[in-house]
Amino acid sequence: MNRVHNFSAGPAVLPLEVLEKAQQELTNYNNMGRSVMEISHRSTEYTEIDHQAKSRLRDLLDLGTDFEIMFLQGGASSQFMMTPFNFLDENKTADYIDTGRWSAKAIKEAEIFGNVHRPFSSKESGYKRVPKNSELEFSDNPEYVHFTSNNTVAGTQFPTEPETNGVPLVCDASSDLLSRPIDASKYGLIYAGAQKNVGPAGVTIVIIRKDFLDKATTQDVPTILQYQTHAEKIFNTPPTFNAYMVNLVLEWIENKGGLSYFKKFNEEKAALVYDEIDKDDFYRGAVEKDSRSLMNITYRLPSEELEAKFLAEASEHDLYTLKGHRSVGGIRASIYNACPRESVEALVDFMKDFRDKNG
Ligand SMILES: *Cc1c(COP(=O)(O)O)cnc(C)c1O
């Protein structure tokens, strides 16, 4: 069977080259007569995979030597709890920019540990936009400013890092990490579940600036939930196969030309769909134009009946998982790094055709 055009929001499409390489090495990795899944996480071979993946992340994101990188479990959702557990208490405040469903979940967890101030919220208006810097009203002395760089459900994305005047950013980058270059100097901590843009589900990438880590508390924090525990050394068995897959994806990103390549590639792919949406009022973008995501494109049709018809006919054309998140409805095309341009072109051709027949 041929592969379909896969627009899943996550777990999402992986590069075919990566899957084929993993398949090739699956039963006999590096001539060991065993797979990656069947070797010790302390072995020379796994240590090499871990080092390679971390050094590739360091290079691709231009992190320098100031950051620790860790491959943890528990998903981005565990980071909603782990970050405030390490950095907040009842006498401390963190600022959380509220731009969507995932931001709101992060806020709910942070409120268990300390004070949360919202410098901005687009909740009332249905999370249709991200803030401009001039709209951010920070508290007096926040420990950090948390933001969700790409809002997977609504389909909005910060065009660039919010300006915090030196307060370290903590970023949930689950759905756009490695889709474009970042300014690492602004971040205290970046976390991402791998399953959107970087690999399979089961590994959570955490990148933490060393001087920010120094401010973490270890008091009353269970050992495994302390960032300090995972810095510099592998504490317990990591999700080894998942980290191996991430390393293959990182190698693929490097071979393609790194993050500047993907920035352009992703901008071009998104423009194909947004141009089609903006042609007339048959398709309507679900969010404000200057907040549009390059990763998750959300739009509506004139009626829910037409949306249902659109989705049914799309799958007949091998265009899969275009249904919007259950909380917002409509259409969502997730077009992460690994989504080929051909898939986006096939979607746009189908959109044109569907408009001609139903518009
Ligand atoms: C998918 C997603 C999450 C949740 O990730 P899990 O790994 O399932 O916990 C959190 N934040 C964002 C922005 C996401 O897209």
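Each ligand, and each atom within it, is numbered from 1 in the order the structure gives. Numbers here are sequence positions counted from 1.
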*asked:* Under 4.0 Å from a heavy atom of T148: which atoms of ligand 1 are those, numbered in the order shown and with their elements?
replied: 13 (C)
*Under 3.5 Å, N or O to N or O, is A76 touching ligand 1 that way?*
yes
_Identity and distance of the protein heavy atom lying nearest atom 1 (C) of ligand 1_ = K196 NZ, 1.6 Å
*Considering F80, W102, Y191, which one's heavy-atom position lies nearest to atom 3 (C) of ligand 1?*
W102
*Hey, is Q79 one of the residues with a heavy atom under 4.0 angstrom from ligand 1?*
no
*asked:* Assigning hydrophobic clusters by single linkage (Ile, Leu, Val, Met, Phe, Trp, Tyr; side-chain heavy-atom cutoff under 4.5 Å), is F212 placed with V145?
replied: no
*Residue from F138, F158, Y96 passing ring pair (Phe, Tyr, Trp, His ring centres under 6.0 Å) with F147*: F158
*Under 3.5 Å, N or O to N or O, is D172 touching ligand 1 that way?*
yes
*Qualifying residue for side chain to side chain contact (heavy atoms under 4.5 Å, CB included) with Q157, from S291, S293, S175*: S293
*With the side chain counted from C-beta on, respond yes when F85 and Y227 share a heavy-atom pair under 4.5 Å apart, and no when they do not.*
no
*Please report which non-hydrogen protein atom sits nearest to atom 9 (O) of ligand 1, along with the residue it belongs to and the distance in Å to one decimal place.*
S77 OG, 2.6 Å
*Kindly identify the option in V203, N151, T152 whose heavy atom sits closest to atom 15 (O) of ligand 1.*
T152
*Indicate if L272 and F354 have the same hydrophobic cluster label, given that clusters are the connected sets of ILVMFWY residues with side-chain heavy-atom separations under 4.5 angstrom.*
yes
*Quick one: look up the protein heavy atom nearest atom 7 (O) of ligand 1 and list residue, atom name and how far away it is.*
Q195 NE2, 3.0 Å
*Side chains of N358 and L301: closer than 4.5 Å at any heavy-atom pair?*
no
*May I have the step-by-step check of side-chain hydrogen bond (donor to acceptor under 3.5 Å, both in side chains) for N296 and S334, ending in yes or no?*
CA-CA 4 Å; N296 311 95; S334 299; 2.9 Å; yes
